[in-house]
Number of protein chains: 2
Amino acid sequence: MITLKNLAERLNVSISTVSKALSDSDEISKETISRVKKLAGELNYQPNRVALSLKQNKTKTVGVIIPNILNRFFAMALYGIQNEATKLGYSIITCITNEQLVKEQESISLLSNGSVDGFIIAVSEETLLSSRIQHLQTLSEKRIPMIMFDRNLNDIECNKVIINDFKAAHEVTNMLINRGKKQIAFISTINDLNVGALRRIGYENAIKMSVLPDLNPMYLFIKKEDDYQGLIKNFLINNPNIDAIIAADNITGTITVNVAINMGYDIPKDISLIGFTDEVVSNLSIPKLSYIDQNAETIGENALRLLVNELNNKDLDNAYSTLKIPFTIVHKETTRSSI
Amino acid sequence: MITLKNLAERLNVSISTVSKALSDSDEISKETISRVKKLAGELNYQPNRVALSLKQNKTKTVGVIIPNILNRFFAMALYGIQNEATKLGYSIITCITNEQLVKEQESISLLSNGSVDGFIIAVSEETLLSSRIQHLQTLSEKRIPMIMFDRNLNDIECNKVIINDFKAAHEVTNMLINRGKKQIAFISTINDLNVGALRRIGYENAIKMSVLPDLNPMYLFIKKEDDYQGLIKNFLINNPNIDAIIAADNITGTITVNVAINMGYDIPKDISLIGFTDEVVSNLSIPKLSYIDQNAETIGENALRLLVNELNNKDLDNAYSTLKIPFTIVHKETTRSSI
DNA sequence: TTGAAAGCGCTAACAC
DNA sequence: GTGTTAGCGCTTTCAA
């Protein structure tokens, strides 16, 4: 790598002159500035990032901690974070915790050695379940800028970016009720997560608040290691009166369409379906699954933007807030409105 | 952050004494060592990463450039890279190029300012198609350690990690031939990529080398923006004699199962299917899709390991090599062997 | 208009 | 056994 020192030697000027010239200081003569810039351009000089970080005591790097990169929601959020970071001149160091508390603790500890200026975190499932949040509380106490997204811990004070999961589930449930559905079931593999619980409660709440007297909630909770197809099939067999299903996670909606079709159901005539997923997954079933788009990319962008904002105003003692990103209900083929 | 200077002041010793004590130098007395370590432990001292990087002229950070994080192959490879990096004490900075040449160039340029010690790259589709590889050649010429994986550029000299795509396609095609399939079709959305082409050629080659006289290749090439379901449906209608299909990419296998089922085919009795994908996607169709597992995580791990190896032996002038990671054929329900 | 010097946090050669 | 010093690449204050 070419350094200021190299340039200074070649030009027979001092290092500080070169430094000032490159930043268009008016202490330096026009002529020197152009000489310096010319050579810097020719040699493709780039200021050493590490030296700058040390000098300015900020790395312009953000630590991003996510539970699972195979989950499309987090993958898209990461993409949003990354894009926005590039725009604002930041780099990101990503750590994937694989839903494990230990890895989350290690990642944060690892990056707390001056590697990053702040964190964007979606906590792991194990963290949520165990409520062992000392590592996050420490960050908060040290006033290290941090944004939590999607999975929210009420006990941690920091800025947050989420979607209104309660409202989303509530809204689609109401929509199904308004379309005359009598037995709306709720399938979830993420009931342990707070987002999963919020979706369930939104669903429950809409059912209970309905003016129709005979509506009752009906659930199928699936564990990660279970046989999804088998459980869903049994569920449908045991509950032949189901006429609508809300899938709380990324993939059970698709699997449910496949299972129902395989069992001979006419979708959406017999059963309407909607999931929390995205366009690509929607195309993986026939008929195509309707879905609630969580706008993951937007969530990521906003998380990064909020963090950078916090970094730039570290001295100001602003109150923390929670940003709710709007969701979008996308009607494909499993909730045709004519039915 | 707590620094050596802080510790030194509190202990009334010099900075270098603290530094040496923390690294168990035998220049320092046992007693001093334990005093220093005690305080360092209490205050949770962590050596400043940035200062270390500057001093040692290496960042222990790797730049990872991948085309698309929503592609499960790259997501899993990234996970493998990340895991192995953590084990070896490295961090990774990830850049997602979204298959765009410009973003790839920018990412590399951005990280070439001393941010990383080396690169792991899967080049973008646009780079492959345009053959504009100056940015990679520059890295190579500057002797910046770099590993290419999955998508291979023959013109770039560096260490590479790939799977034997030719052999994988060749092998499954032969398997289908041996099972008596007469009309094996090949569906691909990635014919533009070299991995896609290798899979196609492996398929072609197996067909042509077959001792059976009446075998002929048959293709459906789909573009990203096309209507997958519609094209596949037409393809099946127009070619009613197809009795086996190889899908070259991640998702068309699943879509093909769904389309065929929807058209009334009995799978795998009427048509055997196999794709290049993974366990989770396999579960998204009924019957479950058989697949060629590319062992993406292993690819990632090996890429990282090779890179670190190269970094540690930068002085030695080793020849470049290409590591081929074994693939695994996983028989699920769409290639039942009894048929 | 230019240069010298200090300092960010750390290591290591050298001095005491 | 401990301390002083230089230097990694850079910015910035102060001196010339």
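Below, chain A is the first sequence line, B the second, and so on; all start at residue 1. This is a predicted model, so every value here is computed, not measured.
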ask   = Taking OP1 and OP2 of dG7(D), is either one under 4.0 Å from a side-chain nitrogen or oxygen of Lys5(A)?
value = no

ask   = Is a side-chain donor or acceptor of Lys160(A) paired with a backbone partner of Leu153(A) at a separation under 3.5 angstrom?
value = yes

ask   = DNA chain D: Gln56(B) or Lys20(B), which has the more 5' nearest nucleotide?
value = Lys20(B)

query = dA12(C) P sits how many Å from Leu52(B) CG, rounded?
reply = 10 Å

query = Taking CG from Asn113(A) and P from dG9(C), how many angstroms apart are they, rounded to a whole number?
reply = 14 Å

key: With sequence neighbours excluded, residues passing side-chain hydrogen bond (donor to acceptor under 3.5 Å, both in side chains) with Thr61(B)   = Arg49(B)

inquiry  = Starting the side chain at C-beta, find the nucleotide from dA12(C), dG9(D), dT2(D) nearest to Ser16(B).
reply    = dA12(C)

task = Among Val36(B), Thr3(B), Ile28(B), find the one that has a side chain to side chain contact (heavy atoms under 4.5 Å, CB included) with Val18(B).
result = Val36(B)

inquiry  = Rounded to whole Å, please give me the gap between NZ in Lys55(A) and C1' in dC10(D).
reply    = 7 Å

task = Scan Thr32(B) against the nucleic acid and name what it touches under 4.0 Å (heavy atoms): base, sugar-phosphate only, or nothing.
result = sugar-phosphate

Selected nucleotide, minimal atom distance to Pro47(A) side chain, candidates dC10(D), dT2(C), dG9(C) = dC10(D)

ask   = Can you tell me how far P of dC8(C) sits from CG of Leu4(B), to the nearest Å?
value = 12 Å

Spacing between Asn48(B) atom CG and dC8(C) atom P, to the nearest angstrom = 12 Å

key: DNA chain D: 5'-proximal contact among Glu27(A) and Met1(A) (nearest heavy atom)   = Met1(A)

request  = Ignoring backbone atoms, establish whether Tyr45(B) has a side-chain N or O less than 4.0 Å from OP1 or OP2 of dG9(C).
outcome  = no

query = To the nearest angstrom, how far is Leu11(B) atom CG from dG3(D) atom P?
reply = 10 Å

ask   = Per the side-chain hydrogen bond (donor to acceptor under 3.5 Å, both in side chains) rule, which among Asn98(B), Thr127(B), Thr97(B) passes with Glu104(B)?
value = Thr127(B)

message = I need the CG-P distance between Leu22(A) and dC10(D), as an integer number of Å.
response = 9 Å

request  = Would you classify Val13(B) as touching base, sugar-phosphate or nothing, given that sugar-phosphate means primed atoms plus P, OP1 and OP2, and contacts are heavy atoms under 4.0 Å?
outcome  = sugar-phosphate

task = Enumerate the residue pairs fulfilling salt bridge (Lys or Arg N to Asp or Glu O under 4.0 Å) with a member in residues 123-140 of chain B, sequence neighbours excluded, ordered by first and then second residue.
result = Glu125(B)-Lys224(B)

ask   = How is Asp26(B) classified with respect to the nucleic acid when contacts are heavy atoms under 4.0 Å: base, sugar-phosphate, or nothing?
value = sugar-phosphate

query = Does the side chain of Thr17(A) get closer than 4.0 angstrom to OP1 or OP2 of dT2(C) through an N or O atom?
reply = no

query = Can you tell me how far P of dT1(C) sits from CZ of Arg35(A), to the nearest Å?
reply = 15 Å

ask   = With sugar-phosphate meaning primed atoms plus P, OP1 and OP2, does Ser29(A) contact a base, only sugar-phosphate, or nothing at under 4.0 Å between heavy atoms?
value = sugar-phosphate

request  = Just compare dA4(C), dT11(D), dG9(D) and give me whichever is closest to any side-chain atom of Ala51(A).
outcome  = dG9(D)

